[in-house]
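If you scroll down you'll find the structure; I have some questions about it.
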Amino acid sequence: MAWIERIFEPDYLLARLAILLAALVGDLLWLVPGVTARDWVQALAALVLSGLCRWSPLSALLVQSGLLLVADQYGFAVAPVLKVLACVLLFELAVRVSGRQVAVGAVVLGAVVCFNLLDKLPATIGAAGFRMVIMVGLPLLLGGYVRLERDAARRERDSAAGRIAAARAAERTAIARELHDLVAHHVSSMVLRVGIARHVLPAGTDPRLTEVLDDLHTSSTAALADLRKLVGILRDPTPFPATAFVDPGGLPDALTVVIDRARATGLRVDATIDPSAVHLDPLRGITVLRLTQEALANTIRHAGPSARVTLDVAVTSDDSVRIQIEDSGRTPADPSEPAAARGAGSGMGHGLVGMRERVELLGGALSVGPMGRGWRLAAVLPAERRELTGRREAGVV
């Protein structure tokens, strides 16, 4: 029954008009005798009014009633067809609105269909009542029923959306609680122990060890800050929290921090970041940042800290973002893990899946694979779409 329900929606007006046109042509060609050119003109005018009902159903019904009155008074052969179209317009009016407009339309149409019986009252009261029931009461009843069913369906959808939103909020709160109690607790312990280790090291310790501990302390402190921010975002009841990992205009600085951390491990990174990246929306900004973090982390893990990486983030004229990250792979002297094997292990699998999900969420494209001895990641993030903005505001993304 879904297609029958949809056929009454405003967006399916052309389909309804096509059905009415087919019925109208068949009626005038084969069922109504004595059809002339003026009958065709009036019938087509009435059909046009049926199309205008989308914007002003009451006005269309009033004009249609006027055409019906003229056809009845002058004996046009098309009068029965106009009555049917007038009933359809009254039905459309009852579906779309309620209250005074429906009452006005029903009274006017009822007066028109009974106009030629008024001078013969009370003998014609039975015929007038029958006409009122068939031509006014029935369209009102059907239209009111369809409108009530539509309103009930809308309320049910709203109620279901509310229940889904509440379930999502509860799920987010539960995830935030687990993150705080498990992950954040352990990371805090790691930060504390690394800090203690830095202070208890005896004088004359190898500076390379001190440098590693300093870098570990900085990285773990940053990770703890990101975890706390994530917990805050998850606990925010609003569909699209104001808190974001990347502040507006802060993407280039955030990328610089990530690149500096990679360079601190020995990785040689040649980065080109378009200055226009400061204008990216938060969702694309965090995607660019996470893609960069994941790619650099995988380079260090699989190609080693002596690899060379080129990073290019560009914003094109159509406001889409292009990211390209390439690394040189392991040196020939250390071919312990070829580029083709990357992504096959458990350490890389979830990273690839997560990157692809982020890009697909924005309607973009991601290409990841070996390039010579190294590895190449290329992604395109299109300009922010209106429907995506609406989904964000509705809490879908």
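In this text, all values refer to a predicted model and were calculated from it rather than measured experimentally. Positions are given from 1, in the same order as the sequence printed here.
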Worksheet item: Any Lys/Arg nitrogen of Arg284 or Asp319 sitting under 4.0 Å from an Asp/Glu carboxylate oxygen of the other?
Response: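 Salt bridge between Arg284 and Asp319, a charged N being under 4.0 Å from a carboxylate O: yes.
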Discussion item. Any salt bridge linking Glu149 with Arg154? Criterion: basic side-chain nitrogen under 4.0 Å from a carboxylate oxygen.
Written reply: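 The answer is no: the pair does not qualify as a salt bridge.
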Item to complete: Go through the structure and list residues passing side chain to side chain contact (heavy atoms under 4.5 Å, CB included) with Ala307, not counting sequence neighbours.
Response: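 Partners of Ala307 by the side chain to side chain contact (heavy atoms under 4.5 Å, CB included) criterion, ordered by chain and then number, come out as Leu267, Thr299, Ala303, Ser328.
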Worksheet entry | Heavy-atom closest contact (Ala94 atom, Gly144 atom, distance) |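 So the two residues come closest at CB-N, 4.0 Å.
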Fill in: For Leu140, the option from Leu93, Val102, Leu109 that meets side-chain contact (heavy atoms from CB on, under 4.5 Å)
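The side-chain contact (heavy atoms from CB on, under 4.5 Å) with Leu140 is passed solely by Val102 among Leu93, Val102, Leu109.
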Discussion item. The test is side chain to side chain contact (heavy atoms under 4.5 Å, CB included); show your working for Thr272 and Asp270 and say whether it passes.
Written reply: CA-CA 7 Å; Thr272 303; Asp270 298 323; over 6 Å; no
Worksheet item: Judged by atom type as modelled, is there a donor-acceptor pair below 3.5 Å linking the side chain of Arg376 to the main-chain atoms of Ile325?
Response: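 Such a contact is absent between Arg376 side chain and Ile325 backbone.
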Worksheet item: Which of these, Asp312, Ile259, Leu251, sits in a side-chain contact (heavy atoms from CB on, under 4.5 Å) with Ile273?
Response: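 Result for side-chain contact (heavy atoms from CB on, under 4.5 Å) with Ile273: Ile259.
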Worksheet item: Just checking, is any N or O donor in the side chain of Arg163 or Ser159 under 3.5 Å from an acceptor N or O on the other one?
Response: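 Yes, side-chain donor-acceptor contact under 3.5 Å.
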Item to complete: Considering only NZ, NE, NH1 and NH2 on the basic side and carboxylate oxygens on the acidic side, decide whether Arg263 and Asp260 come within less than 4.0 Å.
Response: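 Answer for the salt bridge query: yes.
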Discussion item. Would the distance check show the side chain of Asn298 and the main-chain N or O of Ala295 forming a donor-acceptor pair, the cut-off being under 3.5 Å?
Written reply: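 Not confirmed, Asn298 side chain does not pair with Ala295 backbone.
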Worksheet item: Could you walk me through whether Thr265 and Arg261 pass the side chain to side chain contact (heavy atoms under 4.5 Å, CB included) check?
Response: CA-CA 7 Å; Thr265 66; Arg261 288 178 185 169; over 6 Å; no
Discussion item. With a 4.0 Å cut-off on N to O distance, would you call Asp327 and Arg308 a salt bridge?
Written reply: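 The answer is no: the pair does not qualify as a salt bridge.
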Discussion item. If the condition is side-chain hydrogen bond (donor to acceptor under 3.5 Å, both in side chains), which residues does Arg131 pass it with, not counting sequence neighbours?
Written reply: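 By the side-chain hydrogen bond (donor to acceptor under 3.5 Å, both in side chains) rule, Arg131 matches Asn116.
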Practice prompt. Identify, with sequence neighbours excluded, every residue that meets side chain to side chain contact (heavy atoms under 4.5 Å, CB included) alongside Phe115.
Written response: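 Side chain to side chain contact (heavy atoms under 4.5 Å, CB included) check on Phe115 returns Leu69, Gln73, Leu118.
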Discussion item. What verdict does the side chain to side chain contact (heavy atoms under 4.5 Å, CB included) test give for Leu138 and Cys87, after you've listed the backbone C-alpha separation in whole Å, the side-chain angles of each residue and the deciding distance to 0.1 Å?
Written reply: CA-CA 9 Å; Leu138 191 58; Cys87 290; over 6 Å; no
Worksheet item: side chain to side chain contact (heavy atoms under 4.5 Å, CB included) with Ser320: which residues, sequence neighbours excluded?
Response: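 Partners of Ser320 by the side chain to side chain contact (heavy atoms under 4.5 Å, CB included) criterion, ordered by chain and then number, come out as Thr316, Asp318.
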Worksheet entry | Ser220 (side chain) donor-acceptor with His217 (main chain) under 3.5 angstrom |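 A pair under 3.5 Å: yes.
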Discussion item. Run the side chain to side chain contact (heavy atoms under 4.5 Å, CB included) test against Gln42 and tell me which residues pass, sequence neighbours left out.
Written reply: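 Here the qualifying residues are Leu67, Val70, Ala71, Phe76, Val78, Leu82.
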Worksheet entry | Arg38 atom CZ, over 12 foreign heavy atoms within 6.0 Å |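 Yes, CZ of Arg38 has more than 12 neighbouring heavy atoms, counting only those of other groups under 6.0 Å.
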Worksheet entry | Gap separating the SG atom of Cys114 from the CE atom of Met135, nearest 0.5 angstrom |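 So the SG of Cys114 and the CE of Met135 are separated by 9.0 Å.
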Item to complete: Mind running side-chain hydrogen bond (donor to acceptor under 3.5 Å, both in side chains) on Asp39 and Thr36 for me, showing each step along the way?
Response: CA-CA 5 Å; Asp39 294 311; Thr36 62; 3.0 Å; yes
Fill in: Heavy-atom closest pair, residues Met132 and Gly110
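That closest heavy-atom pairing would be SD-CA, 3.4 Å.
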Worksheet item: Quick one: side-chain hydrogen bond (donor to acceptor under 3.5 Å, both in side chains) partners of Asp72, sequence neighbours excluded?
Response: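 By the side-chain hydrogen bond (donor to acceptor under 3.5 Å, both in side chains) rule, Asp72 matches no residue at all.
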Discussion item. Atom CD1 of residue position Ile125 - does it have more than 12 heavy atoms of other residues, nucleotides or ligands inside 6.0 Å?
Written reply: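 No, the 6.0 Å shell around CD1 holds no more than 12 heavy atoms from other groups.
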Discussion item. If the test is side-chain contact (heavy atoms from CB on, under 4.5 Å), which one of Leu24, Leu31, Val25 qualifies with Leu28?
Written reply: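 Of Leu24, Leu31, Val25, side-chain contact (heavy atoms from CB on, under 4.5 Å) with Leu28 is met by Leu24 alone.
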Worksheet item: Once you round to the nearest 0.5 Å, how far does CG of Asp281 lie from CD1 of Ile286?
Response: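 Output value for this atom pair is 11.5 Å.
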Worksheet item: If you take all heavy atoms of Val32 and Ala77, which pair is closest and at what distance?
Response: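 Where Val32 meets Ala77 most closely, the heavy atoms are CG1-O, 3.2 Å.
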Item to complete: Considering only NZ, NE, NH1 and NH2 on the basic side and carboxylate oxygens on the acidic side, decide whether Arg290 and Glu294 come within less than 4.0 Å.
Response: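 Looking at Arg290 and Glu294, the cut-off is not met.
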